[in-house]
Amino acid sequence: MQKTLVILKPDALQRGLIGEITTRFEKKGLKLVANKMAQLDSKTLRDHYSHLADKPFFPTIESFMSSSPVIIQVWEGFEAIEVIRTMCGVTNSRAAAPGTIRGDLSSSYGSNVIHASDSEQSAEEEVKRFFNDKELFSYNKVIEQYSYSDEERDN
Ligand code: UDP
Ligand code: MG
């Protein structure tokens with residue numbers, strides 16, 4: 001099972017989309033294993049978006065991402081990293097496919113409602129960036145046998 005980090009960005013909080021996005025992941029069969037609300041500071045954002053730190057639009061991302069609290073979640077499931085990235089759609093929401101979170105719920109490049117880890121390495125780093133061991137939960141979900149086949153669960 002993989003864990004992946006999701007941030008529901010300030011536009012999702014302001015526009016009342018937290019429930020809708022969370023419901024999509026729940027309905028997909030993913031398991032919520034960590035959840036918190038936080039207002040992100042400059043150091044955290046510089047670490048989190050270090051791959052964009054030298055881009056001209058970085059100050060815009062920084063001020064947007066710290067403009068209100070965000071919801072930070074960890075979801076668990078088979079191939080959860082790719083499953084959630086696919087559900088999010090491409091970065092530019094105007095190009096994101098209908099049916100995806102960005103495609104259905106936003107129309108912007110920067111204000112694109114959600115962040116999701118893009119690889120196993122980034123998922124591991126990002127989960128550690130925002131949660132300690134005590135904040136990450138391990139529990140059985142009784143309906144798991146209906147979310148995945150026996151063969152998948154045995155692997
Ligand atoms: N972003 C932007 N303009 C760009 C590229 C990125 O405003 O040209 C913002 C956008 O909000 C995006 C975030 O920076 O979600 C992180 O960029 P990344 O390339 O990692 O895209 P993502 O992984 O979020 O799809
Ligand atoms: Mg990214």
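Below, each value reflects all heavy atoms present in this structure, side chains not excepted, and no hydrogens, waters or symmetry copies. Counting convention: from 1, in listed order, for ligands and their atoms alike.
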How does I61 reach ligand 1, if at all, at less than 4.0 Å between non-hydrogen atoms: by side chain, backbone, both, or neither? side chain

Which protein heavy atom lies closest to atom 6 (C) of ligand 1, and at what distance to 0.1 Å? F57 CE1, 3.8 Å

Is it the case that ligand 1 has an N or O less than 3.5 angstrom from some N or O of Y49? no

Where is the nearest protein heavy atom to atom 18 (P) of ligand 1: which residue, which atom, and how far? H51 NE2, 3.9 Å

Atom indices of ligand 1, in the order listed, that fall short of 4.0 Å to a heavy atom of L52: 14 (O), 16 (C), 17 (O)

Between F137 and K31, is there a cation-pi geometry (under 6.0 Å to ring centre, at most 45° from the normal)? no

Kindly identify the option in T91, N92, N112 whose heavy atom sits closest to atom 25 (O) of ligand 1. T91

Counting only heavy atoms, which portion of H115 has something under 4.0 Å from ligand 1: side chain, backbone, both, or neither? neither

S122 and E125: side chain donor to acceptor below 3.5 Å: no

Are the aromatic ring centres of F78 and Y148 under 6.0 angstrom apart? yes

Are the charged groups of K3 and E124 less than 4.0 angstrom apart, N to O? no

Indicate whether any N or O donor in one side chain lies under 3.5 Å from an N or O acceptor in the other, for N112 and S108. no

Looking only at distance, does S111 have an N or O less than 3.5 Å from an N or O of ligand 1? no

On the ring face of F131, is K36 found with NZ or CZ under 6.0 Å from the centre and within 45° of the axis? yes

Among non-hydrogen protein atoms, atom 10 (C) of ligand 1 lies closest to Y109 O, 3.4 Å

Is there a polar contact, in the sense of an N or O pair closer than 3.5 Å, between A116 and ligand 1? no

Suppose I only count heavy atoms of G110 and a 4.0 Å limit; which atoms of ligand 1 are within that range? 7 (O), 11 (O)

Atoms of ligand 1, numbered as shown, that sit under 4.0 Å from any heavy atom of K9: 11 (O), 12 (C), 15 (O)

I need the contact type for M65 against ligand 1. Using non-hydrogen atoms and a strict under-4.0 Å cut-off, is it side chain, backbone, both or neither? neither

Does even one non-hydrogen atom of D118 get within less than 4.0 Å of ligand 1? no

Do me a favour and list the nearest non-hydrogen protein atom to atom 24 (O) of ligand 1 with residue, atom name and distance? R102 NH2, 3.1 Å

Tell me the protein heavy atom at minimum distance from atom 23 (O) of ligand 1, and give that distance in Å. R85 NH1, 2.8 Å

Considering non-hydrogen atoms only, spot the tightest contact between A34 and L136 and give its length. CB-CD2, 3.8 Å

R102 side chain to N92 backbone, donor-acceptor under 3.5 Å: no

Does ligand 1 have any atom that is closer than 4.0 Å to a heavy atom of H48? no

With a 3.5 Å cut-off and no angle check, do the side chains of S66 and Q39 form a donor-acceptor pair? no

How far apart are the closest heavy atoms of F130 and T44, and which atoms are they? CE2-CG2, 3.6 Å

Going by the side-chain contact (heavy atoms from CB on, under 4.5 Å) test, name the single residue among I21, I114, T100 that passes it with L105. I21

